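Below: the structure, in C-alpha cells.
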There are 2 protein chains.
Amino acid sequence: MMTSHYRPPCQACTSCDTRRMAVCSALQDDEVAELERAMSFVRLESNTSLVEEGEPRRRVYTLTSGLLRLSLALPDGRRQITGFLMPGDYLGLADDEIYAQTAEAVVPSGLCSFSVRDMDRLMERYPRLRDRLHLMTRAALRQARETQMILGRLAPSEKVASFLLHMSNRAAAYGRPESPVPLPMTRTDIADYLGLTIETVSRTFTKLKTQGLIRLPDPHSVEIVDKSRLAVVAGLTVH
Amino acid sequence: MMTSHYRPPCQACTSCDTRRMAVCSALQDDEVAELERAMSFVRLESNTSLVEEGEPRRRVYTLTSGLLRLSLALPDGRRQITGFLMPGDYLGLADDEIYAQTAEAVVPSGLCSFSVRDMDRLMERYPRLRDRLHLMTRAALRQARETQMILGRLAPSEKVASFLLHMSNRAAAYGRPESPVPLPMTRTDIADYLGLTIETVSRTFTKLKTQGLIRLPDPHSVEIVDKSRLAVVAGLTVH
DNA sequence: CGGTGAGTTGAATGTATTCAATGGTAGTGG
DNA sequence: CCACTACCATTGAATACATTCAACTCACCG
C-alpha cells in the first residue's frame with residue numbers, strides 16, 4: 001500500500017472546495033475545526049489500493065481529489081466494480097467491522113482520513129454529522145439499486161449511454177462542464193462496472209461515435225454531441 | 001391498493017416471533033410498548049402493491065409475514081427486482097422524501113406500519129433504534145453490491161445457483177430448514193431479479209436438476225441435494 | 001529503437017434470447 | 001361435475017448478439 005501521511009496541502013477545512021459536497025458540510029466552521037484536528041491526509045498513487053476487501057475497518061475517508069474505484073472480486077479473479085468515488089464522496093459507508101470491498105485509486109488521489117474511533121466520537125457529539133452520513137448511506141443504496149437495474153436489464157449500448165450520462169451529471173454536480181466528460185478509468189474498469197467485456201465497451205463507444213451521439217477526442221474524454229438522443233439510447237425515455 | 005388496517009393479530013410485540021429479526025429487537029420490552037402504540041397493522045393480498053416508486057414516503061414498515069418484492073421499472077416496461085423482503089425486514093431503508101422503488105406482495109403478507117413522523121420521534125428517543133436502522137441500511141447496501149456482482153459477472157447457472165443458496169441461507173436465518181427451500185415467487189420474478197429471461201431460468205433449473213444438484217418437487221420448492229457442488233456452480237469456491 | 005500496455009477492430013464461436021408450441025394447474029361458470 | 005379460460009412453467013428450434021480469440025495500432029517509456 002503505497003501511501004504517505006502528512007498534514008493536508010489545503011489551507012484548512014474552512015477553505016476546502018470539496019467541503020460543500022462532503023460529509024463535513026454538515027458542520028459549521030467552528031465545528032469543522034474539531035474534525036480537522038482528528039484528520040490526517042493521505043495521498044494515493046494510481047492503481048494502488050487504499051483498503052482491501054476483508055480487512056478490518058479501522059479508518060474512514062473523504063475523497064478530496066482524484067478518483068477511486070470500489071470493487072468486489074470472485075475467487076477465480078473476475079471482478080465487479082460497484083462504483084466510482086469522486087471528490088466529496090465518503091469511503092466506508094457500507095462497511096461494518098471489516099471492509100466489504102476494495103478501494104483503489106484510478107488516478108493520483110487525496111483523501112482526508114479519520115480513525116473510526118474519532119469519527120464515532122464526532123458523530124456522537126455532532127448529530128448532524130451522523131445524520132448526514134446516514135443520508136449519504138441511503139443515497140448510496142438507491143444508487144446501488146439503480147445500478148442493479150442497469151446491470152440486469154439494459155443492453156450494452158444502453159449501459160454505456162447511461163454510464164456516460166451519469167458521469168456527465170456527476171461532473172456537472174461538481175461544477176465542472178457537462179461535456180466533454182473526462183473518463184480517467186480504463187476500458188477494463190468500465191467493462192467491470194457495466195458487466196461487459198472490454199471489447200464490447202470499445203465497440204459500443206465506436207458505434208455511438210458513428211451515430212454522431214458522441215465524439216472521442218481521445219480514449220479518456222467523451223464529448224456528448226446529442227444528449228437527448230443519448231438519453232433515448234440509454235432507455236431512460238420512451239421512444 | 002387492496003389493504004385493510006386493523007390492530008395486529010398477534011398478541012403483542014413482546015411475544016412477536018419476528019421481533020428478534022426486526023428493527024424492534026433494538027428495544028427492550030418496556031420500550032417496545034411505546035413502539036406498539038404508534039403501530040398499525042396492514043394485511044396485503046398477493047400481487048398488490050404497498051408502495052409505488054415515486055410516491056411520497058409517509059409510512060415505513062416491518063414485514064412480519066409473507067414475502068415482498070422491491071422493484072424498479074423502466075419507461076418501456078422492463079423491470080428489475082432489486083430484492084425480496086422477508087419477515088423482519090424493514091421497508092423504507094433507502095428512501096428519503098419519496099419511495100425509490102415499488103413494493104408488492106408476492107404472497108399474502110402482514111406488516112407493522114408506522115408514520116415517518118412517529119418513527120422519527122421514536123428514533124430520537126431511542127438511539128439504539130436509530131443505530132439499528134442505520135446498521136440495517138449498511139447491510140442492505142452491502143447486499144445490493146453483492147447483487148451487482150451477481151448481475152454483472154455471473155453466468156446464468158451461477159446466478160441461479162447463488163440465488164438458491166442465498167434463499168436457503170435466509171430461510172436458515174429465520175430458523176426454517178435449509179432445504180427444501182420455498183420459492184413463493186414466480187419464474188418471472190426470479191428472472192427479473194437475476195437479469196435473465198423466464199425461459200433461461202426454467203432451463204437452468206432443469207439443468208441443475210439433471211445434474212443431480214437439486215430436486216424440484218414442484219415449481220415453488222427446491223430441494224438442495226448437493227450444497228457444496230451447488231456452491232461450486234455458483235462460482236463461490238475455486239474449483 | 002525495442003518493449004509494454006491500452007485500445008480498437010475483425011472473424012469465429014458459443015450461448016442466451018426470441019418466437020412458438022405444449023402441458024399442467026387453478027379458478028370460473030354453465 | 002365438467003368444460004372453459006387464464007396463467008404459469010417447461011421445452012424446442014431459430015435467431016441474434018455478446019464473447020472469445022486474434023491481430024494490429026498507437027502512445028509512452030526505458
Side-chain angles (χ1 to χ4, degrees), chain A residues 45-47 69 76-81 104 106-108 150-161 163-164 182-211 214-222 233 235, chain B residues 45-48 67 69 76-81 104 106-108 150-161 163-164 182-211 214-222 233 235:
Chain A
E45 294 305 313
S46 288
N47 293 312
R69 60 173 169 256
D76 64 2
R78 280 177 289 179
R79 185 180 70 152
Q80 177 68 40
I81 291 181
E104 296 155 315
V106 173
V107 294
I150 289 168
L151 287 165
R153 281 291 170 242
L154 294 195
S157 309
E158 298 175 314
K159 288 181 178 182
V160 172
F163 173 69
L164 292 178
L183 298 181
M185 68 289 285
T186 65
R187 295 290 186 262
T188 304
D189 285 338
I190 299 175
D192 283 346
Y193 178 63
L194 295 176
L196 301 169
T197 59
I198 172 176
E199 295 94 333
T200 299
V201 171
S202 181
R203 276 186 250 270
T204 306
F205 272 115
T206 305
K207 196 169 78 179
L208 294 176
K209 187 177 67 178
T210 307
Q211 294 173 335
I214 61 169
R215 262 184 288 187
L216 283 167
D218 68 283
H220 290 289
S221 47
V222 175
V233 172
Chain B
E45 293 305 313
S46 288
N47 294 311
T48 57
L67 184 71
R69 60 173 168 255
D76 63 3
R78 280 177 289 179
R79 186 180 70 151
Q80 177 68 40
I81 291 181
E104 297 156 314
V106 173
V107 294
I150 289 168
L151 287 165
R153 282 291 169 242
L154 295 196
S157 308
E158 298 175 314
K159 287 181 178 181
V160 172
F163 172 68
L164 292 179
L183 299 180
M185 68 290 285
T186 66
R187 295 292 186 263
T188 304
D189 285 338
I190 299 175
D192 283 346
Y193 178 64
L194 296 177
L196 301 169
T197 59
I198 172 176
E199 295 95 332
T200 299
V201 171
S202 181
R203 275 187 250 270
T204 305
F205 272 115
T206 305
K207 196 168 77 179
L208 293 176
K209 188 176 67 178
T210 307
Q211 294 174 334
I214 61 169
R215 263 183 288 186
L216 282 167
D218 69 282
H220 291 288
S221 47
V222 175
V233 172

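Remember, predicted model here, so these are calculated numbers, not experimental data. Labels below follow one simple rule: chain letters A, B, ... track the order of the sequence lines, proteins then strands, and each chain is numbered from 1.
One finds a side-chain N or O of B:Thr206 lying less than 4.0 angstrom from the OP1 or OP2 phosphate oxygen of D:dT11. Distances shorter than 4.0 Å separate none of the side-chain N or O atoms of A:Thr197 from OP1 or OP2 on D:dA18. Considering only side-chain N and O atoms, B:His220 lies nowhere under 4.0 angstrom from the phosphate OP1 or OP2 of D:dC8.
Annotation: of the two residues near DNA chain C, B:Thr200 and A:Arg187, the 5′-most nearest-nucleotide partner is A:Arg187.
Summarising the geometry, the separation between CG on A:Leu208 and P on C:dT8 is reported as 12 Å, rounded to the nearest angstrom. Atom CG of B:Asn47 and atom C1' of D:dA6 are 14 Å apart (whole Å). A:Asp218 places its CG atom 16 Å from the C1' atom of D:dT25, with the value rounded to the nearest Å. Here D:dA9 presents its C1' atom at 13 Å from CG of B:Leu183, a figure rounded to the nearest Å. As a whole-Å value, the separation of A:Ile198 CD1 from D:dT19 C1' is 13 Å. Put simply, CD1 on B:Ile214 is 14 Å from C1' on D:dT10, counting in whole angstrom units. Atoms CD1 (B:Ile190) and P (D:dC8) sit 13 Å apart, rounded to a whole Å. To the nearest angstrom, P of D:dA18 lies 18 Å from CG of A:Asp192.
Note that CG of A:Asn47 and OG1 of A:Thr186 are 8.0 Å apart. Values are rounded to the nearest 0.5 Å. A distance of 8.5 Å separates CG in B:Leu216 from CG in B:Leu208, rounded to the nearest 0.5 Å. To the nearest 0.5 Å, atom CZ of residue A:Arg153 and atom CG of residue B:Asp192 are 4.5 Å apart. The CG atom of B:Leu154 sits 10.0 Å away from atom CG of B:Leu196, with the distance rounded to the nearest 0.5 Å.
Put simply, the side chain of A:Arg203 and the base of C:dG10 share a donor and an acceptor less than 3.5 Å apart. Counting distance only, with no hydrogens placed and no angle test, the side-chain atoms of A:Arg153 and the base atoms of C:dT17 include no donor-acceptor pair under 3.5 Å.
Set against C:dG7, D:dA22, D:dT11, the side chain of A:Glu199 has D:dA22 as its closest nucleotide. Nearest to the side-chain atoms of B:Leu196 among the listed nucleotides D:dA18, C:dT17, D:dA9 stands C:dT17. Closest approach to the B:Pro156 side chain among C:dT8, C:dA16, D:dA18 is made by C:dA16 (side chain taken as heavy atoms from C-beta onward).
Between the side chain of A:Arg69 and the backbone N or O of A:Glu104 there is no donor-acceptor pair closer than 3.5 Å.
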